[in-house]
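Encoded as structure tokens, the structure appears first; notes follow it.
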Amino acid sequence: MDDAMLSDQRELVERIEAAGWDVTDLELSAYDSPWSDEDAPEATVTITARKPYESDGADSDDESEDETDDNPFRLK
């Protein structure tokens, strides 16, 4: 793996974190392209990130919310 790939990986992580996400896992895979006759390697990046969102103010344990929820897939 060359330095340019690692630099690109760091840049992607910095951009995602700057947007408020927490990177929890990252995998960088370098390989020779089976589609190209060139000797230049290619890379794929898989990033897992999480970002908590604020609720609209309603407590998720509030019974009145459960009573008005018409979601047929929610267990009551």
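- Taking CZ of Arg10 as the reference point, atom CG of Asp3 lies at 7.5 Å (rounded to 0.5 Å).
- In terms of the side-chain contact (heavy atoms from CB on, under 4.5 Å) criterion, residue partners of Thr44 (sequence neighbours excluded) are, by chain and number, Ser29, Tyr31.
- Between atom CD of residue Gln9 and atom CD1 of residue Ile47 there is a gap of 7.5 Å, rounded to the nearest 0.5 Å.
- Within the 4.5 Å cutoff, side-chain heavy atoms of Met5 are placed close to those of Leu28.
- Evaluation of the salt bridge (Lys or Arg N to Asp or Glu O under 4.0 Å) rule for Asp22 yields Arg50 as partners, not counting sequence neighbours.
- Every side-chain contact (heavy atoms from CB on, under 4.5 Å) that Glu17 has, sequence neighbours left out, goes to Val13, Val23.
- Annotation: salt bridge (Lys or Arg N to Asp or Glu O under 4.0 Å) contacts of Glu11 (sequence neighbours excluded): Arg15.
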